[in-house]
Amino acid sequence: MTPAAPGPLPDRRGVLATTMIVAALPLLLLLSLVAGQWAPLMSFDQSLAQSLHDAIAPSPGLAHGLELWTDAFGTWAMRIVSLLAAAWLLIRRQVSTAVWAGATVFLANLFGLILKLTVDRPRPEFADPISVAVGPSFPSGHALMAVTGMGILLFAVLPLLRGAWRSIAWVVAIVIALSTALSRPLLGVHWGTDIIAGMSLGLFTVALTLLLWTFLPPIARRWDRPSPASAPKA
């Protein structure tokens, strides 16, 4: 019997498990401290939010640029990008990977919603707000989906890239995820710790679903029929 296709990337369970632990530690710590309203952390968040507001508010051009950026790579944009990546993988008959992408989007949003409703943290408030957002603040949905969406896109396209292009893809994905996440406290609609928690949750979710993906049974791997362009090279 012909062996099942190995999938878009080699299985690296140790790396993925380590990534999950590294991402979970700050998330769980911040969840505990924010839910318990630990005074030093609350004070730090308040001071940081006020400092960022004072720095950005006098520059409407910069604020407008941040608004455009955060909308271009925001929560809904990343959801759409992730689902388009899943559809593209399905068209290329990368069935198990397409299912992974869809499941990752779903779980990231589910985990984020559960934490938002559980913690129910108010957003920063200013007399002259730079921007406005609604819903609970912790964790940042933009930060969560920026990491999740770029992780999915990166995993989908890396098998098609060679040489320096792979490094460029990593750099682009990291820059977009980081800058999108950081745009939120700069606009005054999230606390700094919301951003760390959102990015940690996104990284945890991607690592978790990738780890589970590596344990798919052979029959699931045989759903995938990689084209010659995407087949791994020796």
Side-chain angles (χ1 to χ4, degrees), residues 23 26-27 29-82 108-109 111-113 115-154 168 170-206:
L27 175 63
L29 177 61
L30 289 175
L31 175 60
S32 175
L33 296 177
V34 170
Q37 297 187 342
W38 190 52
L41 185 64
M42 300 297 103
S43 176
F44 168 79
D45 263 345
Q46 185 66 54
S47 175
L48 178 61
Q50 189 63 56
S51 297
L52 293 176
H53 178 270
D54 293 344
I56 302 298
S59 306
L62 176 58
H64 181 63
L66 288 170
E67 286 270 19
L68 292 176
W69 187 268
T70 201
D71 288 342
F73 299 101
T75 305
W76 275 105
M78 286 294 99
R79 286 170 180 161
I80 293 171
V81 166
S82 299
N109 283 275
F111 292 159
L113 178 61
L115 287 184
K116 279 181 176 291
L117 295 178
T118 300
V119 179
D120 197 22
R121 188 185 197 186
R123 292 178 184 266
E125 293 185 0
F126 302 96
D128 54 337
I130 299 171
S131 184
V132 177
V134 296
S137 189
F138 182 95
S140 165
H142 276 66
L144 166 62
M145 281 310 302
V147 172
T148 303
M150 295 313 298
I152 290 172
L153 193 58
L154 189 63
I168 292 172
W170 273 101
V171 170
V172 170
I174 292 171
V175 168
I176 290 177
L178 277 174
S179 58
T180 303
L182 292 175
S183 70
R184 306 306 286 165
L186 290 172
L187 288 169
V189 293
H190 271 293
W191 307 104
T193 47
D194 297 341
I195 305 308
I196 298 173
M199 296 187 72
S200 296
L201 180 57
L203 183 59
F204 172 84
T205 305
V206 172

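These numbers come from a predicted model, not from an experiment. Values below: every heavy atom of this structure, side chains too, minus hydrogens, waters and symmetry copies. Quick note: residue numbers are just sequence positions, from 1.
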Taking all non-hydrogen atoms of both residues into account, name the closest pair between [X] and [Y] and its distance.
X: Ala72; Y: Ala77; answer: O-CB, 3.2 Å
X: Met78; Y: Ala146; answer: CG-CA, 3.9 Å
X: Arg123; Y: Gly135; answer: NE-O, 2.8 Å
X: Pro124; Y: Gly188; answer: CB-O, 3.7 Å
X: Pro122; Y: Trp191; answer: O-NE1, 2.8 Å
X: Leu27; Y: Leu201; answer: CD2-CD1, 3.8 Å

request  = Decide, yes or no, whether a salt bridge links Asp194 with Arg184 under the criterion of side-chain N to carboxylate O below 4.0 Å.
outcome  =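 A salt bridge is absent here (no side-chain N lies under 4.0 Å from a carboxylate O).
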
Look at the side chain of [X] and the backbone N and O of [Y], then say whether any donor-acceptor pair between them is shorter than 3.5 Å.
X: Ser43; Y: Pro40; result: no
X: His190; Y: Pro139; result: no
X: Thr70; Y: Leu66; result: no
X: Trp170; Y: Leu154; result: no
X: Thr180; Y: Ala177; result: no

Would you call [X] and [Y] a side-chain contact if the rule is heavy atoms closer than 4.5 Å?
X: Val34; Y: Met42; answer: yes
X: Phe138; Y: Leu30; answer: yes
X: Asp45; Y: Arg121; answer: yes

Notebook entry, point to check: For Met145 and Phe73, what are the C-alpha separation, side-chain angles and deciding distance, and is it a side chain to side chain contact (heavy atoms under 4.5 Å, CB included)?
Noted result: CA-CA 9 Å; Met145 281 310 302; Phe73 299 101; over 6 Å; no

Pairwise distance [atom1]([X]) to [atom2]([Y]) - rounded to 0.5 angstrom:
X: Ser59; Y: Leu186; atom1: OG; atom2: CG; result: 11.5 Å
X: Leu187; Y: Ile56; atom1: CG; atom2: CD1; result: 8.0 Å
X: Ser200; Y: Ile195; atom1: OG; atom2: CD1; result: 11.0 Å
X: Leu178; Y: Met199; atom1: CG; atom2: CE; result: 4.0 Å
X: His53; Y: Ser131; atom1: NE2; atom2: OG; result: 10.5 Å
X: Ile174; Y: Ile176; atom1: CD1; atom2: CD1; result: 11.0 Å

Given the options Leu52, Leu48, Thr193, Pro185 meets side-chain contact (heavy atoms from CB on, under 4.5 Å) only with Leu52

* Take atom CZ in Phe126; do more than 12 heavy atoms of anything else shown fall under 6.0 Å from it? -> yes

